[in-house]
Amino acid sequence: PPFDPIFMFKVLVLQKYHGLSDDATEEQIVDRLSFQNFLGLQLGDDVADAKTIWEFKQRIEADEREGSRRLFEAFGEMLTAKGLIAREGSIVDASFVDAPRQRNNRDQNKRIKKGERPEEFDENPSVGRQKDSEARWAKKNNETHYGWKNHTKVDLKSKLVIKSATTAANVHDSQVFRQLLDEDDRAVLADSAYFSEENERHILEEINADEYLMRKATRGKPLSEAEKATNHTISRMRVRVEHVFGRMSQMGAELCRSIGSKRAASHNHLANLVYNMDRYAYLNRANG
């Protein structure tokens with residue numbers, strides 16, 4: 001008989017929390033009593049193998065209702081009902097999520113950049129399944145990344161992830177900025193990559209929130225002392241989002257082992273969900 005969906009979901013929670021592959025997850029469930037206790041297993045009980053875990057993730061990703069996103073949002077509704085998401089301030093930022101790097105020739109890379117999938121990839125199905133035509137390269141601060149971005153909106157007070165979106169790594173952070181905002185935001189904080197007159201106007205006029213976007217200097221127009229002071233104040237608050245990404249990095253969320261944008265989005269939603277669960281447990285302990 002198939003495993004219970006709740007049981008399989010708990011397996012995914014363990015997998016994302018510890019940053020494990022499907023095979024490693026199966027091995028750790030067999031080996032660790034703590035994993036078995038969490039799943040409600042007794043010694044000798046059947047354990048979900050790597051293939052079963054993979055197929056369950058396929059079922060979630062194949063759901064037209066975006067199962068992983070709905071799971072993330074359902075837990076977010078619970079956090080909101082408990083009053084843990086204050087909405088006094090919302091921090092927007094993005095982090096890289098690396099995918100398995102491809103070994104393509106120059107001509108293939110040119111066609112992929114144009115949005116085409118080289119036909120030779122699928123001449124051999126075994127090769128085609130390992131070829132990703134949707135992930136992209138990006139370079140930032142002398143670091144090269146291949147894969148995706150996890151764009152998030154984080155609650156300033158609780159450091160809980162409120163909303164997220166997934167794009168290829170080469171998409172600029174500001175391109176999904178407005179997608180993450182809504183009328184429940186009272187104040188919006190972000191670094192200078194998000195600053196523009198259009199975004200400033202959107203925050204102040206369309207969602208009626210306070211705007212705290214860091215300013216950036218341009219050629220021939222350096223920042224004034226007042227702008228530098230304002231940037232410093234915003235930076236001291238905005239840095240809390242880096243704590244979120246740091247914790248997710250410890251969980252292995254910056255590595256996506258799957259191929260394709262749909263699976264990458266599922267990975268990010270589940271990683272954000274498990275981070276929120278971890279943060280919720282911390283807030284409960286902190287509040288006694």
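- A distance of 9.0 Å separates CE in M8 from CD in E55, rounded to the nearest 0.5 Å.
- When only modelled atom types and interatomic distance are considered, H145 and K139 share no side-chain donor-acceptor pair under 3.5 Å.
- Q130 contributes atom CD, which lies 5.0 Å from atom CD1 of I259 (distance to the nearest 0.5 angstrom).
- Between D22 and R257 there is no salt bridge, since no side-chain nitrogen of the basic residue lies less than 4.0 Å from a carboxylate oxygen of the acidic one.
- A ring-centre distance under 6.0 Å is found for H18 and F35.
- Ion pairing between E225 and K228 holds under the 4.0 Å rule for side-chain N and carboxylate O.
- Between Y275 and K159, some side-chain heavy-atom pair lies under the 4.5 Å cut-off.
- Taking each heavy atom of W148 and A99 in turn, the nearest pair found is NE1-CB, 3.7 Å.
- Residues forming a side-chain hydrogen bond (donor to acceptor under 3.5 Å, both in side chains) with T152 (at least two apart in sequence, or on another chain): none.
- Side-chain atoms of N199 do not come within 3.5 Å of backbone N or O of F195 as any donor-acceptor pair.
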- Criterion salt bridge (charged side-chain N to carboxylate O under 4.0 Å, His left out) on R186 and D210, from CA distance to verdict: CA-CA 6 Å; R186 299 180 187 176; D210 295 330; over 6 Å; no
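- Residues Y282 and L84 are members of one and the same hydrophobic cluster, defined by side-chain heavy-atom contacts under 4.5 angstrom among Ile, Leu, Val, Met, Phe, Trp and Tyr.
- No donor-acceptor pair under 3.5 Å is formed between the side chain of E242 and the backbone N or O of V244.
- Using a 4.5 Å heavy-atom threshold, the side chains of L20 and L14 count as separate.
- In this structure, the side chain of Q179 does not engage the main chain of A165 through any donor-acceptor pair within 3.5 Å.
- Partner of D278 under the side chain to side chain donor-acceptor pair (under 3.5 Å) criterion, chosen from K16, Q250, R247: R247.
- D122 has a carboxylate O that lies under 4.0 Å from a charged side-chain N of R117, or vice versa, which qualifies the two as a salt bridge.
- For Q175, there are no side-chain hydrogen bond (donor to acceptor under 3.5 Å, both in side chains) partners, not counting sequence neighbours.
- Contact between A209 and L204 at its shortest, heavy atoms only, is O-CD2, 3.5 Å.
- Every residue meeting the side chain to side chain contact (heavy atoms under 4.5 Å, CB included) condition with E254, not counting sequence neighbours, appears here in chain and number order: S249.
- At least one donor-acceptor pair closer than 3.5 Å links the side chain of Q36 to the backbone N or O of I29.
- Applying the side chain to side chain contact (heavy atoms under 4.5 Å, CB included) test to S258 and every residue at least two apart in sequence or in another chain returns C256, R263.
- Of the possible donor and acceptor atoms, none in the side chain of R178 sits under 3.5 Å from a partner among the backbone N and O of H202.
- Ion pairing of K216 with D191 is absent here, as no side-chain N (NZ or NE/NH1/NH2) approaches a carboxylate O to less than 4.0 Å.
- At least one side-chain heavy atom of V188 sits under 4.5 Å from a side-chain heavy atom of I207.
- Minimum heavy-atom separation, I60 to S266: CG2-OG, 4.4 Å.
- A187 and Y212 make their closest contact through CB-CE1, 3.9 Å (heavy atoms, listed as atom of the first residue, atom of the second, distance).
- A salt bridge is defined here as a Lys NZ or Arg NE, NH1 or NH2 lying under 4.0 Å from an Asp or Glu carboxylate O, and E61 with K57 fails to meet this definition.
- Ionic pairing of R215 and E200 is present here: one or more N-O contacts between side-chain nitrogen and carboxylate oxygen are shorter than 4.0 angstrom.
- By the 4.5 Å heavy-atom criterion applied to side chains, V97 and L255 are not counted as neighbours.
- Under the 3.5 Å distance criterion, the side-chain polar atoms of T230 are matched with a main-chain donor or acceptor of A226.
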Listed pairs under 3.5 Å, donor-acceptor, residues 38-48 side chains, sequence neighbours left out:
unit_1: D45; atom_1: OD2; unit_2: Q42; atom_2: N; d: 2.7

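- Here NZ of K114 is found 14.5 Å from OG of S133. Values are rounded to the nearest 0.5 Å.
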- Decide yes or no on salt bridge (charged side-chain N to carboxylate O under 4.0 Å, His left out) for D93 and K153, but give the supporting numbers first. CA-CA 7 Å; D93 207 349; K153 180 172 71 175; over 6 Å; no
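- For the residue pair K163 and H151, no side-chain donor N or O sits within less than 3.5 Å of a side-chain acceptor on the partner.
- The side-chain heavy atoms of N276 and F72, taken from C-beta on, include a pair separated by under 4.5 Å.
- Judged by distance alone, the side chains of Q15 and Q28 never bring a donor and an acceptor atom under 3.5 Å apart.
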- Message: Apply side chain to side chain contact (heavy atoms under 4.5 Å, CB included) to residues M237 and L156 and explain how you reach the verdict.
- Response: CA-CA 8 Å; M237 295 184 289; L156 173 63; 4.2 Å; yes
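- D49 is linked by a side-chain hydrogen bond (donor to acceptor under 3.5 Å, both in side chains) to T52, counting only residues two or more places apart in sequence or in another chain.
- For T233 (side chain) and A229 (main-chain N/O), a donor-acceptor pair under 3.5 Å exists by modelled atom type.
- A heavy-atom distance below 4.5 Å is not found between the side chains of V92 and V154.
- Under the 3.5 Å distance criterion, with hydrogens and angles disregarded, no donor-acceptor pair is assigned to the side chains of N150 and S95.
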- Task: Show your working on side chain to side chain contact (heavy atoms under 4.5 Å, CB included) between S261 and T166 and close with a plain yes or no.
- Result: CA-CA 8 Å; S261 59; T166 298; over 6 Å; no
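- Atom CZ of residue F96 and atom CZ of residue F245 lie 11.0 Å apart, to the nearest 0.5 angstrom.
- K10 NZ to Y17 OH: the interatomic distance, rounded to the nearest 0.5 Å, is 15.5 Å.
- W137 approaches T144 most closely through the heavy-atom pair CE3-CG2, 3.5 Å.
- When all heavy atoms of P222 and A217 are compared, the closest pair comes out as CA-CB, 4.0 Å.
- Under a 3.5 Å cut-off, the side chain of D23 and the backbone N or O of A50 do not form any donor-acceptor pair.
- One distance of note links CZ of F177 with OG of S196; it measures 8.0 Å at 0.5 Å rounding.
- The pair K131-E120 fails the salt-bridge criterion, with no side-chain N (NZ, NE, NH1 or NH2) lying under 4.0 Å from an Asp/Glu carboxylate O.
- A 4.5 Å side-chain heavy-atom check between N208 and E183 finds every atom pair outside the cut-off.
- A salt bridge does not link R87 with D155: every distance from a Lys NZ or Arg NE/NH1/NH2 to an Asp or Glu carboxylate oxygen is 4.0 Å or more.
- No donor-acceptor contact under 3.5 angstrom links the side chains of K149 and N170, judged on distance only.
- Here the side chain of R279 pairs a donor or acceptor atom with the backbone of S158 at under 3.5 angstrom.
- Using a 3.5 Å distance cut-off with no hydrogens or angles, the side chains of Q108 and R111 do not pair a donor with an acceptor.
- The backbone N or O of E27 sits nowhere less than 3.5 Å from a side-chain atom of D31 that would complete a donor-acceptor pair.
- Residues L160 and V13 share a hydrophobic cluster, clusters being chains of Ile/Leu/Val/Met/Phe/Trp/Tyr side chains in contact below 4.5 Å.
- Transitive grouping of hydrophobic side chains (ILVMFWY, heavy atoms separated by less than 4.5 Å) brings V161 and Y280 into a common cluster.
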